[in-house]
Structures are given as C-alpha cells and as structure tokens.
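If you read the sequence from its start, that first residue is 1, and numbering goes on from there.
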Amino acid sequence: MPREMMYLPYEWMSYISPMYYSVQAYTANLYGNISTAPFIWSMVAVGGVAMLINICIVAFLHKPVELENNNADEKTNKRLNPSEVSV
C-alpha cells in the first residue's frame, strides 16, 4: 500500500516502521519493477537510529544499583572464579 493511500497516523508511523520498508523491498523483489536497495537502506537507517536512541537512554537514564554484601564469614568474603568449585 503506498503512503498516499494511508490515513495520516499510519502514514506517519510508516516512516519509522521497519516493517513498511521490508514489505516494500519484498514487493519490489517479487515483481522486479524497482530496486530494493533504497528500502533496505531505509530499514537499516531506522534500525540504526533506534539503536542509537536506546544507547542514549541507557547511558543517561540508567541508575546503577548497589549490591548488598551480607557475608559475615571470612571464607565467603573471598571472591572465587564462577567456574571454580567451592567445597
């Protein structure tokens, strides 16, 4: 479905939806009338921007949580390799 036929909210969402680009690339590949490259690069761009937004959210809004240390015994205070068997 071309964007000109979509209602306005769906038309706006189609610009940021990777599904629109993948369906258009598949249709272009199936019927062979146009190149699939612009749709695939647009899909890669949408994915890259989404990844960048997620990285920024984690970098600026993530709050580290302090771990509690409830070990009273000296034997348990030493750090062991997780693959090491403790007896």
Side-chain angles (χ1 to χ4, degrees):
M1 171 182 272
R3 285 192 174 120
E4 292 81 26
M5 294 179 64
M6 294 181 185
Y7 291 117
L8 193 58
Y10 298 113
E11 183 181 349
W12 290 343
M13 286 190 308
S14 74
Y15 287 104
I16 61 170
S17 172
M19 186 174 176
Y20 177 80
Y21 299 110
S22 63
V23 169
Q24 293 298 324
Y26 179 72
T27 304
N29 193 19
L30 183 65
Y31 295 113
N33 56 354
I34 57 174
S35 174
T36 60
F39 299 114
I40 292 177
W41 285 114
S42 298
M43 187 170 48
V44 168
V46 167
V49 169
M51 189 180 304
L52 184 66
I53 290 171
N54 287 332
I55 289 171
C56 290
I57 288 172
V58 170
F60 296 118
L61 298 179
H62 177 73
K63 296 182 175 104
V65 178
E66 293 183 26
L67 298 175
E68 294 181 20
N69 189 2
N70 292 333
N71 297 331
D73 196 11
E74 289 181 16
K75 292 180 184 177
T76 58
N77 282 339
K78 72 174 188 173
R79 295 182 181 244
L80 298 175
N81 188 354
S83 62
E84 200 175 308
V85 178
S86 60
V87 182

S17 (side chain) donor-acceptor with S14 (main chain) under 3.5 angstrom: no
Non-neighbouring partners of Y21 that pass side chain to side chain donor-acceptor pair (under 3.5 Å), sequence neighbours left out: R3
Can you give the donor-acceptor pairs under 3.5 Å from side chains of residues 42-59 to other protein atoms, not counting sequence neighbours?
| unit_1 | atom_1 | unit_2 | atom_2 | d |
| --- | --- | --- | --- | --- |
| S42 | OG | P38 | O | 2.8 |
| N54 | ND2 | A50 | O | 3.3 |

Nearest heavy atoms of S35 and A28, plus distance in Å: O-CB, 4.4 Å
Approximate separation, where rounding is to 0.5 Å, of M5 CE and Y10 OH: 14.5 Å
Shared hydrophobic cluster, W12 / M6 (ILVMFWY, side-chain heavy atoms < 4.5 Å): no
